[in-house]
Visitor: 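Quick one: the structure is below, questions incoming.
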Amino acid sequence: MSEVDTNLLKDLRARGLVAQMTGEDQLEAWLASPRTLYCGFDPTADSLHIGSLVPLLTLKRFQLAGHTPIALVGGATGLIGDPSFKAQERQLNTEETVHAWVDSLRKQVSRFLDFDAQANPAKVVNNLDWVGKMDVLSFLRDVGKHFSVNNMVQKESVKQRIEREGSGISFTEFSYMILQSLDFAELFKAHGCSLQIGGSDQWGNIVGGVDLAKRLYGGQVYGLTLPLVTKADGSKFGKTESGTIWLDENKTSPYAFYQFWLNTADADVYKFLRYFTFLSVERIAEIEEQDQSAQGRPQAQSVLATEMTAMIHGQAGLEAAQRITEVLFSGSIDQLSEGDFAQLMLDGLPSTVLARSALSEKSLSQWLVDAGMVGSGKQVKDAVNRSALLVNNKAISADEMVDTTAALAEEKSLFGRYYLVKLGKKKYHLIEIE
RNA sequence: GCAGGGGUUCCCGAGUGGCCAAAGGGAUCAGACUGUAAAUCUGACGCGCAAGCUUCGGUGGUUCGAAUCCACCCCCCUGCACCA
């Protein structure tokens, strides 16, 4: 039997990663020996986003401490939809869609865990493998009988759906909790899995699973929830003007990803370092101290961005992101070589390739809207009025905004074909004329 | 099925015949200040550079004029009934 790191729980607590747990006193002792634990990820998109990162990384922390992690991809539960704390009934996705998403998530999740560990190799399972085989009568008689609707209705996670005016909950979503409970019981039986972790919104579902595993198999099992990531200013974590921050580099480029973390507010950054990185809490405290005694800009954001980008996108992704950042925010663009521009495009700087003959087709504002740089021409106009729209560092006039040929005149280009468009302080888009 | 309540621009939520592209708040974007922070102040916020165009669940109608009135339809909520 391999040894485990018994300081795990202490470390999780120090990181603020423990929201609730069952069997408060016993869990610590239970984790003194290697155990198997799981966390579920439902396919609600073709990629995980950074919100899922906290449970995923915690699974990793458990593995590093010597326990065996199981990542469950919800091929079955994803077909139903978790109602927990959702304001509205969700639209069901088709089976094909969910199947495809399951495959994507399986790959993504696998990158974080170690499957070759001698003592505690990770596993990935899909709950469709057992739920899909179950027939209705078995479900109702063998599983359903253990659930009290009275109890389920009391759950905070579905309460607002039941009480709230203007919404409701279908039996389908209401049954979700039973399926998730079944997962835990099933994993206990098949893999001796004795701990489920998840976001604190999963508490109700997790407790349901603990109860069911006990009733069906008399298992000694535990549940542990992690805090939902919140921001000090109350806005939603993980979203920016351009949408969700995904883990998939095709949906969120390493550059955008790096920038996201770099823009973390001071009030959140040390908490995020504890939540998301594998830096020790001591090291993080040290960073915080240094930042406090130093004037001006803290180093924490940069550490966070570096750690996270390297973790998700690797060293190459990090370097690309830093290269772009360096050029745009500290360098002067006229020092760029022709090759640098090509590199920026490769590195993932948002860019568009246009034919010179096509320029006269639309106004510059329309081109920028089409390129996805801004939401509407009004925003471009607003920026132009404030001299906040620059092409190769020169402000665009109101006339040029309408006349693309003038705005992107050949003599204004760099190397005859590059135009770096800057809107506001942070938004960049590269246009190449071919 | 019956009765009652409701569906407004990203969200919440005003608006009950012209002054409504539609109050207010939130979110978001931009500017100033800064550290590519926070807080604050300013501007924008259906689409369009503009002229102008398209909206208030849907379709028709009344009217010089409708988010606002009428008819029918769709959807949601609450209660009752039906079913058992």
Side-chain angles (χ1 to χ4, degrees), chain A residues 86-91 160-170 173 230-245 255-273 287-288 290-306 309 321-333 349 359-370 372-390 395-407 421-429:
Chain A
K86 300 278 187 328
Q88 286 194 318
E89 182 88 10
R90 283 192 289 173
Q91 182 118 42
Q160 65 162 333
R161 282 283 288 281
I162 291 170
E163 287 172 359
R164 186 183 155 156
E165 187 92 359
S167 67
I169 183 167
S170 67
E173 285 197 10
T230 55
K231 295 206 295 183
D233 65 5
S235 60
K236 201 164 161 51
F237 170 76
K239 301 264 194 220
T240 67
E241 69 274 19
S242 40
T244 305
I245 304 297
Y255 164 67
F257 190 84
Y258 182 83
Q259 284 288 321
F260 169 81
W261 295 105
L262 200 60
N263 277 295
T264 304
D266 293 3
D268 294 318
V269 71
Y270 305 101
K271 176 168 88 172
F272 287 1
L273 279 170
I287 293 173
E288 184 163 8
Q290 285 171 13
D291 281 346
Q292 249 156 31
S293 51
Q295 290 291 318
R297 191 170 190 180
Q299 58 174 321
Q301 279 87 347
S302 166
V303 173
L304 180 64
T306 302
T309 309
Q322 288 181 326
R323 209 150 42 220
I324 298 176
T325 297
E326 177 68 19
V327 166
L328 300 184
F329 292 95
S330 20
S332 159
I333 69 159
L349 179 68
L359 293 183
S360 56
E361 287 171 14
K362 303 174 196 165
S363 61
L364 180 62
S365 56
Q366 190 58 50
W367 278 117
L368 296 181
V369 169
D370 290 351
M373 188 185 187
V374 283
S376 74
K378 280 268 171 61
Q379 289 179 28
V380 177
K381 187 186 170 192
D382 183 47
V384 166
N385 285 339
R386 296 157 188 274
S387 303
L389 181 69
L390 309 180
I396 289 293
S397 69
D399 291 338
E400 289 173 317
M401 175 177 68
V402 188
D403 183 357
T404 313
T405 318
V421 184
K422 178 182 182 187
L423 190 147
K425 267 182 293 205
K426 301 184 194 175
K427 261 185 233 171
Y428 288 92
H429 196 98

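All values reported here derive from a predicted model rather than from experimental measurement. Letters A, B, ... mirror the listed sequences (proteins, then strands); counts begin at 1.
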Visitor: Looking only at non-hydrogen atoms, find the nearest pair between A/I324 and A/L349 and report the distance.
Guide: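 Of all heavy-atom pairs spanning A/I324 and A/L349, the closest is CD1-N, 3.6 Å.
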Visitor: If I pick the C1' atom on B/C19 and the same atom on B/U68, what distance separates them, to the nearest angstrom?
Guide: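 To the nearest whole Å, 15 Å.
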Visitor: Think A/R297 has a side-chain N or O under 4.0 angstrom from the OP1 or OP2 of B/U36?
Guide: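 For A/R297, the contact criterion (side-chain N or O under 4.0 Å from OP1 or OP2 of B/U36) is met.
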Visitor: Figure out the CH2/P separation between A/W367 and B/G48, and round it to whole Å.
Guide: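 Answer to the nearest Å: 15 Å.
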Visitor: Between atom CG in A/L364 and atom P in B/G48, what is the gap in whole Å?
Guide: 13 Å
Visitor: Does B/A50 have a Watson-Crick or wobble partner in any strand here, with both distances under 3.5 angstrom, and which is it?
Guide: none
Visitor: For the C1' atoms, the ones on B/G15 and on B/A67, what distance do you get once it is rounded to whole angstrom?
Guide: 8 Å
Visitor: With a 3.5 Å cut-off and heavy atoms only, can you find an N or O donor on one side and an acceptor on the other between the side chain of A/N385 and the base of B/G43?
Guide: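 Looking at the base of B/G43, it does not pair with any donor or acceptor on the side chain of A/N385 (distance under 3.5 Å).
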Visitor: Of the candidate nucleotides B/A50, B/A30, B/A38, which contains the atom at the shortest distance from the side chain of A/A265?
Guide: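 In terms of side-chain proximity for A/A265, the closest of B/A50, B/A30, B/A38 is B/A38.
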Visitor: Who does B/A66 pair with, Watson-Crick or G-U, both distances under 3.5 Å?
Guide: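 Per the H-bond distance test, none.
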Visitor: Mind checking who B/U59 pairs with, Watson-Crick or G-U wobble, both distances under 3.5 Å?
Guide: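 Base-paired to B/A71.
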Visitor: P atom, B/G57 versus B/A66: distance in rounded Å?
Guide: 15 Å
Visitor: Expressed in whole Å, how much space separates the P atoms belonging to B/G52 and B/A37?
Guide: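 Those two atoms are separated by 40 Å.
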Visitor: Expressed in angstrom and rounded to an integer, what is the separation of A/Y255 atom OH from B/U36 atom P?
Guide: 13 Å
Visitor: Name the pairing partner of B/A22, where a pair is Watson-Crick or G-U wobble with both distances under 3.5 Å, or state none.
Guide: none
Visitor: Determine whether any donor atom in the side chain of A/K425 lies under 3.5 Å from an acceptor atom in the base of B/U34, or the reverse, and answer yes or no.
Guide: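 Check passes, donor-acceptor contact within cut-off.
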Visitor: Please report the distance, rounded to the nearest Å, between NZ in A/K427 and C1' in B/U36.
Guide: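 These atoms are roughly 13 Å apart.
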Visitor: Quickly work out the A/D291 CG to B/A37 P distance and round it to whole Å.
Guide: 16 Å
Visitor: Salt-bridged, A/D382 to A/R386, with N to O below 4.0 Å?
Guide: yes
Visitor: Decide yes or no on side chain to side chain contact (heavy atoms under 4.5 Å, CB included) for A/S302 and A/L262, but give the supporting numbers first.
Guide: CA-CA 6 Å; A/S302 166; A/L262 200 60; 4.3 Å; yes
Visitor: Pick the C1' atom in B/U54 and in B/G46, then give their distance to the nearest Å.
Guide: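 That atom pair is separated by 8 Å.
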Visitor: Can you tell me how far the CG atom of A/D399 sits from the CG atom of A/L364, to the nearest 0.5 Å?
Guide: 12.5 Å
Visitor: What integer number of Å spans the P atoms of B/G61 and B/G6?
Guide: 27 Å
Visitor: From the options B/G35, B/G43, B/A37, select the nucleotide whose nearest atom is closest to the side chain of A/R386.
Guide: B/G43
Visitor: Taking a pair as Watson-Crick or G-U wobble with both distances under 3.5 Å, which nucleotide is matched to B/A44?
Guide: B/U28
Visitor: Considering only the P atoms, how many Å lie between B/G18 and B/G1, rounded to the nearest integer?
Guide: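 Looking at atom P only, B/G18 and B/G1 are 36 Å apart.
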Visitor: Toward the 5' end of RNA chain B, which comes first, A/G375 or A/P298, by nearest nucleotide?
Guide: A/P298
Visitor: Please report, rounded to the nearest Å, how far the P atom of B/A27 is from the NZ atom of A/K231.
Guide: 11 Å
Visitor: Any side-chain heavy-atom pair from A/L368 and A/L389 closer than 4.5 angstrom?
Guide: yes
Visitor: If the P atom of B/U8 is compared with that of B/G58, how far apart are they to the nearest Å?
Guide: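 Their P atoms lie roughly 10 Å apart.
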Visitor: Within the structure shown, what part of the strands sits under 4.0 Å from A/A267 by heavy-atom distance: base, sugar-phosphate, or nothing?
Guide: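 Touches nothing.
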Visitor: Nearest 0.5 Å, please: how far is CG in A/D268 from CG in A/N263?
Guide: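 Answer rounded to 0.5 Å: 12.0 Å.
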Visitor: What is the pairing partner of B/G1, taking Watson-Crick or G-U wobble pairs with both distances under 3.5 Å in any strand?
Guide: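 Here B/G1 is engaged in a pair, and the nucleotide opposite it is B/C80.
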Visitor: Separation of A/L389 atom CG from B/G31 atom P, in whole Å?
Guide: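 From A/L389 CG to B/G31 P: 11 Å.
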Visitor: Can you identify which nucleotide, out of B/G48, B/A44, B/A37, has its nearest atom closest to the A/D382 side chain?
Guide: B/A44
Visitor: Return the nearest nucleotide to the side chain of A/A388; candidates are B/G35, B/G31, B/A50.
Guide: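 In terms of side-chain proximity for A/A388, the closest of B/G35, B/G31, B/A50 is B/G31.
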Visitor: Mind telling me whether A/F260 and A/F237 have parallel, tilted or perpendicular rings, with 30° and 60° as the class edges?
Guide: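 If you compare the ring of A/F237 with that of A/F260, the planes turn out perpendicular.
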Visitor: Counting only side-chain heavy atoms from C-beta out, which of B/U36, B/C49, B/A37 sits nearest to A/K381?
Guide: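 The nucleotide sitting nearest to the side chain is B/C49.
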Visitor: Separation of A/Q292 atom CD from B/G35 atom C1', in whole Å?
Guide: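 Result: 16 Å.
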Visitor: Might you point out which heavy atoms bring A/Y428 and A/M373 nearest each other, and give the distance in Å?
Guide: C-CE, 4.1 Å
Visitor: Out of B/C49, B/C47, B/A37, which nucleotide sits closest to the side chain of A/S376?
Guide: B/C47
Visitor: For B/A21, does either OP1 or OP2 sit under 4.0 Å from a side-chain N or O belonging to A/K378?
Guide: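 For A/K378, the contact criterion (side-chain N or O under 4.0 Å from OP1 or OP2 of B/A21) is not met.
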Visitor: Need to verify one output field. Residue with the more 5' nearest nucleotide on RNA chain B, A/S365 or A/Q379?
Guide: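 Upstream on the strand: A/Q379.
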Visitor: Looking at A/Q259 and B/U36, is any side-chain donor or acceptor paired with a base atom of the opposite kind under 3.5 Å?
Guide: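 It does, because a donor-acceptor pair links the side chain of A/Q259 to the base of B/U36 below 3.5 Å.
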Visitor: Using purine N1 to pyrimidine N3 plus N6-O4 or O6-N4 for Watson-Crick, or N1-O2 and O6-N3 for G-U wobble, both under 3.5 Å, which nucleotide pairs with B/U34?
Guide: none
